[in-house]
Novice: 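After the structure tokens below, expect a handful of questions from me.
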Amino acid sequence: MRIATYNVNGVNGRLPVLLRWLEEAKPDVACLQELKAPEEKFPLQALKDAGYHAIWHGQKSWNGVAILSRNVEPVEICRVLPGDSEDLHSRYIEAEINGIIIGCLYLPNGNPAPGPKFDYKLAWFKRLNLHAAELIKSDKPAVLTGDFNVMPIELDVYKPERWVNDALFRRETREAFKDLVSQGWTDAIRKLYPKETIYTFWDYFRNAYGRDAGLRIDHFLLSPKLKNKLLAAGVDKHVRGWEKTSDHAPVWIELKDK
DNA sequence: ATGCCGTGGAAACCACGA
């Protein structure tokens, strides 16, 4: 079973690129972030025609998350991160597919830091960690994936010294990610490639992609039950080089079926 | 060191992103 995550940066503006990638990569499950589309503007028919069922949580202009699944209908578990009924951003959706719980998340950016946006990021992170702990406690096979807006270690940043005060790399952010992983989650990419430079995002400007000045911020966390089922993982880096592409590249994992 | 590019929505600029 292949599961992918892709921050599309506008699901409608990016539809040709998304369909091209789905056709090429054919993931069984694809978690999308930054739909930037309200609920009723989600391109369901085009995705159905491409062979995917979908659940999504849209929002006008910003955020928005979706889970696509080939052949089987995702069974929605929830569409908000528990813990704050005042939080109206669509940043989390969770479903069960083939017996695996899949949480698709878009963690807040948090810049500028410090400030209210950074406070929101840390508060959201705290709620995520509480929810993740519940998933661990349930002992079910689970995957948490999406745009975490965190570079966990220096190896994940092209010039770490420039990012120390950024919301994506500040001590508090990295510590929150570390706390999350230490609940018992496995960072799939780092399990298979502990020492390699691997990026999932490149800025649009300054020829960042051409210079490979990137960041690793899109992650797969595997619950203990899935840790030993990880067969492969990677980044579809070439997709970032396509015309009218997102600033993120798709990331994927392959899990043993039985 | 930096939103320099790109998206969406409303209004022909602005908010937001990482």
Side-chain angles (χ1 to χ4, degrees), chain A residues 5-21 32-43 46 56-66 87-92 104-122 124-125 128 145-174 176-177 189 197-219 235 237 239-251:
Chain A
T5 184
Y6 189 15
N7 179 324
V8 290
N9 188 9
V11 72
N12 287 304
R14 214 64 74 193
L15 194 56
V17 165
L18 174 61
L19 294 174
R20 180 180 169 190
W21 167 71
L32 307 181
Q33 302 86 35
E34 279 208 86
L35 303 179
K36 294 187 171 177
E39 200 69 9
E40 66 277 12
K41 293 251 176 81
F42 184 80
W56 68 96
H57 187 185
Q59 182 182 331
K60 197 169 144 185
S61 305
W62 296 304
N63 310 313
V65 283
D87 181 8
L88 299 177
H89 291 200
S90 8
R91 295 183 176 274
Y92 189 81
C104 167
L105 64 104
Y106 176 45
L107 208 135
N109 174 303
N111 277 306
K117 289 193 173 182
F118 190 56
D119 295 341
Y120 173 62
K121 176 177 196 155
L122 294 181
W124 205 94
F125 222 140
L128 176 64
T145 187
D147 179 356
F148 284 70
N149 270 317
V150 185
M151 296 83 87
I153 57 172
E154 296 203 337
L155 184 58
D156 300 317
V157 195
Y158 69 102
K159 280 224 163 72
E161 67 278 9
R162 285 194 190 173
W163 289 84
V164 286
N165 291 317
D166 191 278
L168 281 73
F169 198 54
R170 285 176 74 94
R171 181 183 51 78
E172 303 94 313
T173 310
R174 278 187 276 169
F177 187 82
I189 288 277
T197 298
I198 295 172
Y199 299 138
T200 66
F201 165 92
W202 297 261
D203 259 316
Y204 282 119
F205 45 83
R206 282 171 296 211
N207 189 31
Y209 180 64
R211 295 185 295 118
D212 199 26
L215 307 170
R216 190 176 75 98
I217 53 178
D218 302 273
H219 306 298
V235 180
K237 187 177 172 181
V239 173
R240 178 62 183 79
W242 291 353
E243 287 291 317
K244 298 285 287 175
T245 199
S246 168
D247 39 8
H248 295 249
V251 186

Novice: Nearest to the A:Arg14 side chain among B:dA10, B:dC16, B:dG6, which nucleotide is it?
Specialist: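 Taking heavy atoms from C-beta onward, the closest nucleotide is B:dG6.
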Novice: Tell me whether the side-chain N or O atoms of A:Asp247 pair up with the base of B:dG17 as donor and acceptor below 3.5 Å, since no angle test is needed here.
Specialist: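 Checked by distance alone, the answer is no.
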Novice: Just by distance, with hydrogens left out, do A:Asn111 and A:Lys117 show a side-chain donor and acceptor under 3.5 Å apart?
Specialist: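 There is no such pair between these side chains.
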Novice: Here's a test of your reading of the structure: between A:Gly13 and A:Asp147, which maps to the more 5' nucleotide of DNA chain B?
Specialist: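 Going by which nucleotide is closer to the 5' end, it is A:Gly13.
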Novice: Regarding A:Phe169, tell me which of base, sugar-phosphate or nothing describes its non-hydrogen contacts under 4.0 Å with the strands shown.
Specialist: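 It contacts nothing in the nucleic acid.
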Novice: Using the side-chain heavy atoms of A:Lys60, tell me which of these nucleotides is nearest: B:dG3, B:dG17, B:dA10.
Specialist: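 The closest nucleotide is B:dA10.
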Novice: Name the nucleic acid region contacted by A:Pro112, choosing base, sugar-phosphate or nothing; use a 4.0 angstrom heavy-atom cut-off, strictly under.
Specialist: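 Nothing, no nucleic acid heavy atom in range.
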Novice: Expressed in angstrom and rounded to an integer, what is the separation of A:Asp203 atom CG from B:dC5 atom P?
Specialist: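 Between P of B:dC5 and CG of A:Asp203: 11 Å.
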Novice: Regarding A:Asn63, tell me which of base, sugar-phosphate or nothing describes its non-hydrogen contacts under 4.0 Å with the strands shown.
Specialist: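 No contact at all - A:Asn63 keeps every heavy atom at 4.0 Å or more from the nucleic acid.
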Novice: Would you call A:Asp203 and A:Arg211 a salt bridge, taking side-chain N to carboxylate O under 4.0 Å as the test?
Specialist: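 Salt bridge between A:Asp203 and A:Arg211, a charged N being under 4.0 Å from a carboxylate O: no.
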Novice: When you measure from the side chain of A:Phe205, which nucleotide among B:dG9, B:dA15, B:dG3 comes out closest?
Specialist: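 For A:Phe205, the side-chain atoms sit closest to B:dG3.
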Novice: What is the distance from CG of A:Asn9 to C1' of B:dC16, rounded to the nearest Å?
Specialist: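 So the two atoms are 10 Å apart, to the nearest Å.
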Novice: Could you measure between the two C1' atoms, the one in B:dA1 and the one in B:dC13, and give it in whole Å?
Specialist: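 Roughly 26 Å separates the two C1' atoms.
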Novice: Expressed as a whole number of angstroms, how long is the span from A:Asp166:CG to B:dG17:P?
Specialist: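 Going from A:Asp166 (CG) to B:dG17 (P), I get 12 Å.
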Novice: Can you classify the ring geometry of A:Tyr6 versus A:Trp21 as parallel (below 30°), tilted (30 to 60°) or perpendicular (above 60°)?
Specialist: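 Ring orientation, 0 to 90° scale: perpendicular.
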Novice: When syn is taken as a glycosidic angle within 90 degrees of 0, is B:dA11 syn or anti?
Specialist: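 For B:dA11, whose glycosidic angle is more than 90° from 0, the conformation is anti.
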Novice: Does the side chain of A:Asp87 come under 3.5 Å of the side chain of A:Tyr92 through a donor N or O and an acceptor N or O?
Specialist: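 Result is no, nothing qualifies.
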Novice: Just checking A:Lys117: base, sugar-phosphate only, or nothing, at a heavy-atom cut-off of under 4.0 Å?
Specialist: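 Contact class for A:Lys117: sugar-phosphate only.
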Novice: For the side chain of A:Arg216 and the backbone of A:Thr200, is there at least one donor-acceptor N/O pair under 3.5 Å apart?
Specialist: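 Judged by distance alone, no pair lies under 3.5 Å.
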Novice: Could you pick out which residue, A:Pro38 or A:Arg162, lies toward the 5' side of DNA chain B when each is mapped onto its nearest nucleotide?
Specialist: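 Mapping each residue to its closest nucleotide by heavy atoms, the 5'-most match is A:Arg162.
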Novice: With the side chain of A:Arg91 defined as its heavy atoms from C-beta on, choose the nearest nucleotide among B:dG6, B:dG17, B:dG3.
Specialist: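 Closest of the options to the side chain of A:Arg91: B:dG17.
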Novice: Nearest to the side chain of A:Lys36, heavy atoms from C-beta on, is which of B:dG3, B:dG17, B:dG6?
Specialist: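 Closest nucleotide among those given: B:dG6.
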Novice: Counting the atoms with a prime plus P, OP1 and OP2 as sugar-phosphate, which does A:Asp218 contact under 4.0 Å by heavy atoms, base, sugar-phosphate, or nothing?
Specialist: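 No contact.
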Novice: Expressed as a whole number of angstroms, how long is the span from A:Leu35:CG to B:dG17:C1'?
Specialist: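 Going from A:Leu35 (CG) to B:dG17 (C1'), I get 15 Å.
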Novice: With a non-hydrogen cut-off below 4.0 angstrom, is A:Asn149 in contact with a base, only sugar-phosphate, or nothing?
Specialist: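 Here A:Asn149 touches the backbone only, sparing every base.
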Novice: How far does the P atom of B:dA10 sit from the matching atom of B:dC14, given to the nearest Å?
Specialist: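 Nearest-Å result for B:dA10 against B:dC14 at atom P: 16 Å.
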Novice: From CD of A:Glu34 over to C1' of B:dG9, roughly how many Å is that when rounded to an integer?
Specialist: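 Rounded to whole Å, this separation is 15 Å.
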Novice: Using whole Å, what does the distance between atom C1' of nucleotide B:dC5 and atom CD of A:Glu243 come to?
Specialist: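 Value for this atom pair: 14 Å.
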Novice: Taking atom C1' of B:dG6 as reference, at what distance in whole Å does atom NZ of A:Lys244 sit?
Specialist: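 Distance, rounded to whole Å: 8 Å.
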Novice: Taking CH2 from A:Trp124 and P from B:dG17, how many angstroms apart are they, rounded to a whole number?
Specialist: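 Roughly 13 Å, once rounded to whole Å.
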Novice: Looking at A:Tyr209 and A:Lys237, would you say the former's side chain and the latter's main chain have a donor-acceptor pair under 3.5 Å?
Specialist: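 Side chain of A:Tyr209 to backbone of A:Lys237, a donor-acceptor pair under 3.5 Å: yes, one is there.
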